[in-house]
Novice: 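Take a look at the following structure, please.
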Amino acid sequence: MRLAEGIVIDLEETFGVLKFSGQRRERFVQDEDGNRTDDVKERTYDLKSMKQGMMIQVSIPAEAGIKDFKYNQIVALVDPVIDTVANANFNRVETSWYMKAKDLVIATAPVKPQEKPSNNDKK
């Protein structure tokens with residue numbers, strides 16, 4: 001099954017604050033014979049997700065340009081979508097998820113601290 005629009009996510013709820021870590025890889029365009037060209041199709045970046053407590057990867061189209069932000073710079077994703085790919089092999093299926101976005105930019109809005117429950121809540 002493939003979702004036409006992917007899985008649209010609530011960034012704040014899912015990932016919290018995102019911090020730039022670095023570029024992971026470039027994916028290149030292939031010619032009609034399946035050979036790799038020198039044209040970059042998309043770039044994948046590592047981001048630290050404060051809510052998930054781990055590194056996540058996001059792929060951005062090459063048209064968005066190279067992202068060379070400072071390490072730990074707080075960033076924001078533009079129109080992110082999560083999608084899956086499933087590969088069936090005889091009696092088993094392997095699935096993978098991936099996240100894409102139209103762009104990766106420096107966060108401009110102030111970031112709210114994560115709310116912690118108060119011990120003084122009385123009812």
Novice: Counting neighbours of CG on Asn89 that are heavy atoms of other residues, nucleotides or ligands and sit closer than 6.0 Å, is the number greater than 12?
Specialist: yes
Novice: With side chains defined as the heavy atoms from C-beta onward, is the minimum distance between Val75 and Leu47 less than 4.5 Å?
Specialist: yes
Novice: Could you grab the distance from atom CD of Gln57 to atom OG of Ser21, nearest 0.5 Å is fine?
Specialist: 10.5 Å
Novice: Would you please test Arg24 and Met55 for side-chain contact (heavy atoms from CB on, under 4.5 Å) and show each step?
Specialist: CA-CA 11 Å; Arg24 175 168 285 273; Met55 198 78 70; 5.6 Å; no
Novice: Treat each ILVMFWY residue as a node, draw an edge where side-chain heavy atoms are under 4.5 Å apart, and state whether Leu77 and Tyr71 are in one component.
Specialist: no
Novice: How many angstroms lie between CG in Leu11 and NZ in Lys51, if you round to the nearest 0.5 Å?
Specialist: 11.5 Å
Novice: Would you say the side chain of Ile74 lies within less than 4.5 Å of the side chain of Ile106, judging by non-hydrogen atoms?
Specialist: no
Novice: Please determine whether side-chain contact (heavy atoms from CB on, under 4.5 Å) holds for the pair Phe28 and Glu26, giving the CA-CA distance in whole Å, both sets of side-chain angles, and the decisive distance to 0.1 Å.
Specialist: CA-CA 6 Å; Phe28 294 89; Glu26 292 179 323; 3.6 Å; yes
Novice: Side chains of Ile56 and Leu18: closer than 4.5 Å at any heavy-atom pair?
Specialist: yes
Novice: Who are the salt bridge (charged side-chain N to carboxylate O under 4.0 Å, His left out) partners of Asp10, not counting sequence neighbours?
Specialist: none
Novice: Between Tyr45 and Phe20, what is the ring plane arrangement, given parallel below 30°, perpendicular above 60°, and tilted in between?
Specialist: tilted
Novice: Is there side-chain contact between Lys19 and Gln73, with at least one heavy-atom pair below 4.5 Å?
Specialist: no
Novice: Quick one: are Tyr98 and Val85 in side-chain contact, heavy atoms under 4.5 Å?
Specialist: yes
Novice: Can you check whether Val29's main-chain N or O pairs, donor with acceptor, with Thr37's side chain at less than 3.5 Å?
Specialist: yes
Novice: Counting C-beta onward and ignoring hydrogens, is there a side-chain heavy-atom pair between Pro80 and Val58 closer than 4.5 Å?
Specialist: no
Novice: Provide the closest heavy-atom pair for Ile60 versus Lys102 in the form atom of the first, atom of the second, distance.
Specialist: CG2-O, 3.9 Å
Novice: State, to 0.1 Å, how close Val78 and Ala101 come at their nearest heavy-atom pair, and which atoms those are.
Specialist: O-CB, 3.4 Å
Novice: Ion pair present between Lys100 and Glu42, side-chain N to carboxylate O less than 4.0 angstrom?
Specialist: yes
Novice: Hey, is CG on Asp38 packed in by over 12 heavy atoms from elsewhere, all under 6.0 Å?
Specialist: no
Novice: Could Asp31 and Arg36 be called an ion pair, given the rule that one side-chain N must be under 4.0 Å from one carboxylate O?
Specialist: no
Novice: Evaluate the criterion side-chain contact (heavy atoms from CB on, under 4.5 Å) for residue pair Val17 and Lys48; output intermediate values, then yes/no.
Specialist: CA-CA 8 Å; Val17 175; Lys48 296 178 188 178; over 6 Å; no
Novice: Are the side chain of Gln23 and the backbone N or O of Arg43 linked by a donor-acceptor pair below 3.5 Å?
Specialist: no
